[in-house]
Amino acid sequence: MKRANYHILFILFITSNLFLSSITYSQWTVCGNLAGISGRPTVAVADENTVYVTGGSTVNVTYKTTNGGTSWINLNTGAFSPFFCLWAKDANTIFAGDNGATGAGKLYKTTDGGLFWTVVDSVIGGGFGGVKFSLSMPSFGAAFSSNTTDIVVLKTRDGGNTWSRTSVPLFPGYDLSISGYNVIDSLFYAMGTVSGPPAVILTTNGGLAYNLQEVGLPSAGGNFTRGIAFKEDKLTGIAASTSLPLIARTTNGGINWTNITVGSFASSTTTPVMRWIEGTNTCYITTPYSSGILKSINGGLNWTEMSTAGNGAFNIDTKSIGAT
């Protein structure tokens, strides 16, 4: 049996700078400086060469690189409302959700690398905070939208060609967070919350029922559970709110959570983003106004600080390539 050999490409966004790393190196290096990216920057890695970045507070600004960050192309998406989320299924097929500034959040799709975009669906009164596809079941994906009265999940089972609409029951005092989403497969997906104690909303049966699970973190400047990452086993997961250096960790699928201290170097009251590398025990945390990037190689139990030249990190995306 061949041993899995993972070559990992990481791209993250820091203010207007992009940083790049691979599993070979412990440090991150600057690979671009993009004008107009602000607000809630989002990164989507298609492969080792193709990466999309979007942002902008009032004007949509979206970039693409096809040479691993050496140069960047402005995709001229300024006619759209700013995108809150991106997902790259491959180098040409990208899904994006906007912030709903026109009164209806729109889910977009491009199949030619960002030259032309079509509207897949829209939700009145709420923007799209996340769009994710399963890594183990690539034909399944979900897009999440919410407003003060409704939480909508659009689901696809054919790779994004057709979508169905379902609703999540409202939990009084809670709303979905921006970018706090994790999709493992068609049965298991989780959503972060804002307002109320730090918590996650998750389903283990494809949306037939949803459970609200408080993660036991203290509030420090807000209750914004933006960081969520689960392993493919659906048992081990991590979550974070505005309470770094404390995060929450579960080993029974979100039923119970314990506090983990990731280190005094990670103190921050800004919510981080988390990513789990498929097929491994490796996971990452961004720390926006502190250390930059934290890495764990034992499923979130222990964490080390990676060198980012003193820059904090807002968002991160990863791609596992070269598996044999």
Side-chain angles (χ1 to χ4, degrees), residues 3-15 17-31 41-45 48 51 68-69 135 179-182 184 190 192 215 217 225-233 235-251 257-323:
R3 182 181 178 183
N5 179 22
Y6 288 90
H7 303 280
I8 311 297
L9 175 74
F10 306 104
I11 302 287
L12 70 148
F13 186 89
I14 304 174
T15 61
N17 294 316
L18 283 168
F19 278 59
L20 166 70
S21 181
S22 75
I23 200 170
T24 308
Y25 304 102
S26 61
Q27 75 275 10
W28 295 72
T29 56
V30 178
C31 68
T42 300
V43 181
V45 179
E48 64 268 38
V51 180
L135 297 175
S179 75
Y181 305 94
N182 193 198
I184 300 300
V215 299
L217 290 171
T225 313
R226 182 167 166 258
I228 302 175
F230 274 89
K231 193 176 179 180
E232 296 101 312
D233 64 7
L235 297 174
T236 307
I238 51 177
S241 185
T242 53
S243 58
L244 287 178
L246 288 179
I247 67 168
R249 184 174 186 267
T250 181
T251 57
W257 299 79
T258 57
N259 284 356
I260 298 290
T261 301
V262 299
S264 59
F265 44 75
S267 179
S268 174
T269 58
T270 301
T271 50
V273 167
M274 296 173 160
R275 292 290 183 270
W276 204 295
I277 307 302
E278 63 270 26
T280 75
N281 284 318
T282 300
C283 40
Y284 291 82
I285 299 175
T286 63
T287 54
Y289 300 113
S290 183
S291 305
I293 297 293
L294 306 179
K295 177 182 180 181
S296 172
I297 59 173
N298 59 3
L301 282 173
N302 304 104
W303 297 84
T304 57
E305 181 181 5
M306 303 183 76
S307 174
T308 56
N311 292 280
F314 189 89
N315 217 324
I316 183 172
D317 194 25
T318 67
K319 183 70 67 173
S320 178
I321 60 174

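The shown structure was predicted, so the numbers you read here are calculated from the model rather than taken from an experiment.
The distance from atom OG1 of Thr286 to atom CG of Asp317, rounded to the nearest 0.5 Å, is 12.0 Å. In this structure, CD in Glu305 is found 12.0 Å from CD1 in Ile285, a value given to the nearest 0.5 Å. The structure places CG of Asn182 at 11.0 Å from CE of Met274, a figure rounded to the nearest 0.5 Å. Atom-to-atom distance recorded for Thr304:OG1 and Asn302:CG is 9.0 Å, nearest 0.5 angstrom. Rounded to the nearest 0.5 Å, atoms CH2 (Trp276) and CD1 (Ile238) are 5.5 Å apart. Here Ile277 contributes atom CD1 and Thr318 contributes atom OG1; the two are 3.5 Å apart, rounded to the nearest 0.5 Å.
A donor-acceptor pair under 3.5 Å is formed between the side chain of Asn315 and the backbone N or O of Pro41. Side chain of Glu232 to main chain of Gly279: a donor-acceptor pair is present (N/O by atom type, distance under 3.5 Å, no hydrogens or angles).
Within a 6.0 Å sphere centred on CD1 of Ile297, heavy atoms belonging to other residues, nucleotides or ligands number 12 at most.
When all heavy atoms are compared, the tightest approach of Val215 to Ala248 is O-CB, 3.4 Å. Taking all atoms of both residues into account, the shortest heavy-atom contact from Phe230 to Thr250 is CE2-CG2, 3.8 Å. Across all their heavy atoms, Pro245 and Gly263 have their closest contact at CB-O, 3.1 Å. Heavy atoms only, all atoms of each residue included: Ile228 and Gly192 are closest at CD1-N, 3.1 Å.
Using a 4.5 Å cut-off on side-chain heavy atoms (C-beta onward), Trp303 and Cys283 make contact.
With sequence neighbours left out, the side-chain hydrogen bond (donor to acceptor under 3.5 Å, both in side chains) criterion links Asn281 to Lys231. With sequence neighbours left out, Arg249 forms a salt bridge (Lys or Arg N to Asp or Glu O under 4.0 Å) with no residue at all.
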Test log, rule side-chain contact (heavy atoms from CB on, under 4.5 Å), inputs Asn259 and Leu217:
CA-CA 7 Å; Asn259 284 356; Leu217 290 171; 3.5 Å; yes
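A side-chain donor from one of Ser296 and Asn298 sits under 3.5 Å from a side-chain acceptor of the other.
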